[in-house]
Peer 1: 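First, the structure itself, so that you have it in front of you.
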Amino acid sequence: RHYLDFINHYVKLFHEKRADLEEQQLHLNVGLQKIRETVDRVEELQKSLAIKKRDLEEKNALANQKLKEMLKDQQKAEQQRETSKDIQEQLKTKTSAIGTKKKIVLDDLSKVEPAVEDAKNAVKSIKKQHLVEMRALNNPPRLVKLTLESICVLLAEPSSDWKTIRTTVLRDTFINSVVNFNTEKISDDMRSELKKKYLSDPEYTFEKVDRASKACGPLVKWAIAQINYADMLLSIDPLKNELHSLEQEAEVT
């Protein structure tokens, strides 16, 4: 009996120890599984960390590049600010020069423009009766022919003989073509010819021609005014070109 009790006790003890070992084995397996999971998680975290580190390095490089660009833009803005100050000073100087040059040009033109306008008004006031009488002449006085010949030259119309000249004068648009004439159309050759052939003639004056013909007097006045105006335009042409250049430079500035 004692032997059986011993065996039973041994079997019971064996099963208890076995259960303890199995439980320990289970805990050990769970622990090992946790370790494996932890190792896997650490590896994943390391991979994620490597990616984030690479992203961070790229972002740092991008941030540094942006910072360099900002510094470069700031330097450029400062340079532009300084350049703008210089430009403002240049523009101020050029504006003053433009004002001075423009005043000179306008002052010069104001000396002759009133005479041109006065001559235009005189031409407008020519009575139709005087034109009709002048057109009816077959053999006009010298000053009448000389005057109308010079007017034809100015208008770039044929002026070889009295018949040709009278054809131009007979046009209904004759007075308007005189009044609306553009002085800038007078070429240097035309100006020289008019001065040499007509204005140099001592009788080619308003007073003398007006006594010969009330229609021709205003026309001589107009022709002389146009030539004087053309002379003035020629003399101030370099000044006008300089003014134009200054204005263009100011626009660019």
Side-chain angles (χ1 to χ4, degrees), residues 104-241 243-244:
I104 294 172
V105 170
L106 293 175
D107 285 347
D108 287 342
L109 290 177
S110 68
K111 295 174 183 177
V112 292
E113 284 179 338
V116 174
E117 289 303 315
D118 181 57
K120 285 182 180 180
N121 291 330
V123 171
K124 290 178 184 178
S125 68
I126 295 175
K127 294 180 180 180
K128 188 175 181 180
Q129 176 189 349
H130 294 151
L131 275 178
V132 172
E133 292 174 355
M134 185 173 59
R135 289 166 179 168
L137 296 173
N138 290 321
N139 187 23
R142 175 181 176 274
L143 288 181
V144 171
K145 183 176 182 298
L146 188 71
T147 298
L148 294 178
E149 184 181 308
S150 68
I151 300 302
C152 286
V153 172
L154 264 172
L155 297 177
E157 295 286 351
S159 58
S160 57
D161 54 54
W162 174 245
K163 182 180 178 181
T164 305
I165 293 170
R166 190 168 63 172
T167 299
T168 300
V169 178
L170 284 171
R171 292 176 190 161
D172 292 334
T173 58
F174 174 68
I175 294 298
N176 283 336
S177 64
V178 172
V179 172
N180 298 320
F181 180 75
N182 183 2
T183 312
E184 293 183 0
K185 289 184 177 180
I186 300 176
S187 65
D188 290 344
D189 291 341
M190 185 187 294
R191 192 167 49 83
S192 299
E193 180 185 354
L194 286 162
K195 281 185 172 183
K196 182 179 179 180
K197 191 173 181 180
Y198 303 104
L199 271 69
S200 62
D201 192 321
E203 293 190 331
Y204 192 84
T205 64
F206 169 73
E207 292 77 10
K208 291 184 178 181
V209 174
D210 193 57
R211 282 197 295 270
S213 168
K214 292 299 180 184
C216 288
L219 290 171
V220 162
K221 188 176 186 179
W222 174 82
I224 294 172
Q226 288 292 341
I227 297 304
N228 289 336
Y229 191 35
D231 283 341
M232 181 59 71
L233 289 177
L234 183 66
S235 67
I236 66 172
D237 196 51
L239 197 58
K240 286 174 68 178
N241 291 336
L243 174 59
H244 181 65

Peer 1: Less than 4.5 Å apart, any side-chain heavy atom of Glu193 and any of Val153?
Peer 2: yes
Peer 1: Are any non-hydrogen side-chain atoms of Leu143 and Tyr204 less than 4.5 angstrom apart?
Peer 2: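 They are not in contact (no side-chain heavy atoms under 4.5 Å apart), so the answer is no.
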Peer 1: For the atom pair CD1 (Ile175) and NZ (Lys120), what is the distance rounded to the nearest 0.5 Å?
Peer 2: 13.5 Å
Peer 1: Stepwise, does the side chain to side chain contact (heavy atoms under 4.5 Å, CB included) test hold for Ser200 with Lys195?
Peer 2: CA-CA 6 Å; Ser200 62; Lys195 281 185 172 183; over 6 Å; no
Peer 1: If we ignore hydrogens and angles and just use 3.5 Å, is the side chain of Thr164 paired with the main-chain N or O of Ser160 as donor and acceptor?
Peer 2: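 A pair under 3.5 Å: no.
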Peer 1: Should Phe174 and Leu170 count as side-chain neighbours, where that means a heavy-atom distance under 4.5 Å?
Peer 2: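 Phe174 does not reach Leu170 side chain to side chain.
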Peer 1: Any sub-3.5 Å donor-acceptor pair from Arg135's side-chain atoms to His130's backbone N or O?
Peer 2: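 The answer is no, because no donor-acceptor pair under 3.5 Å joins these two groups.
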Peer 1: Contact between Ile224 and Tyr198 at the side-chain level, heavy atoms closer than 4.5 Å - yes or no?
Peer 2: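 No, their side chains stay 4.5 Å or more apart.
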Peer 1: Atom CG in Leu233, atom CZ in Arg191: separation rounded to 0.5 Å?
Peer 2: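 The CZ atom of Arg191 is 10.0 Å from CG of Leu233, to the nearest 0.5 Å.
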Peer 1: Rounded to the nearest 0.5 Å, what's the gap from OG1 on Thr183 to CD on Gln226? Could you check?
Peer 2: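 Here the rounded value is 3.5 Å.
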Peer 1: If I take atom SG from residue Cys216 and atom CG from residue Leu148, how far apart are they, to the nearest 0.5 angstrom?
Peer 2: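 Interatomic distance, Cys216 SG to Leu148 CG, rounded to 0.5 Å: 4.0 Å.
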Peer 1: What distance separates Lys185 NZ from Met190 CE, expressed to the nearest 0.5 Å?
Peer 2: 10.0 Å
Peer 1: Taking the side chain from Asp210 and the backbone from Phe206, do they hold a donor-acceptor pair closer than 3.5 Å?
Peer 2: no
Peer 1: Any side-chain heavy atom of Lys197 sitting closer than 4.5 Å to one from Glu149?
Peer 2: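 Yes, side chains in contact.
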Peer 1: Between Thr167 and Lys163, is there a donor-acceptor pair closer than 3.5 Å when you use the side chain of the first and the backbone of the second?
Peer 2: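 Here the side-chain-to-backbone pair exists.
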Peer 1: Flag the pair Lys221 / Asp118 as yes when at least one side-chain heavy-atom distance between them is below 4.5 Å, and no otherwise.
Peer 2: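 With C-beta onward as the side chain, the pair touches.
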Peer 1: For a salt bridge (Lys or Arg N to Asp or Glu O under 4.0 Å) check, start with the C-alpha distance between Arg142 and Asp201, then their side-chain angles and the critical distance, and finish with the verdict.
Peer 2: CA-CA 12 Å; Arg142 175 181 176 274; Asp201 192 321; 2.4 Å; yes
Peer 1: Is a side-chain donor or acceptor of Thr173 paired with a backbone partner of Asn176 at a separation under 3.5 angstrom?
Peer 2: no
Peer 1: Measure the shortest side-chain to side-chain distance between Ile227 and Leu154 over non-hydrogen atoms and say whether it is less than 4.5 angstrom.
Peer 2: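 When only atoms from C-beta onward are counted, Leu154 and Ile227 do touch, with a gap below 4.5 Å.
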Peer 1: I'd like to know if the side chain of Asn121 and the backbone of Glu117 have a donor-acceptor N/O pair within less than 3.5 Å.
Peer 2: yes
Peer 1: First locate atom CZ of Arg171, then atom CG of Leu155, and finally report the distance between them rounded to the nearest 0.5 Å.
Peer 2: 9.0 Å
Peer 1: Would you say the side chain of Val123 lies within less than 4.5 Å of the side chain of Leu219, judging by non-hydrogen atoms?
Peer 2: yes
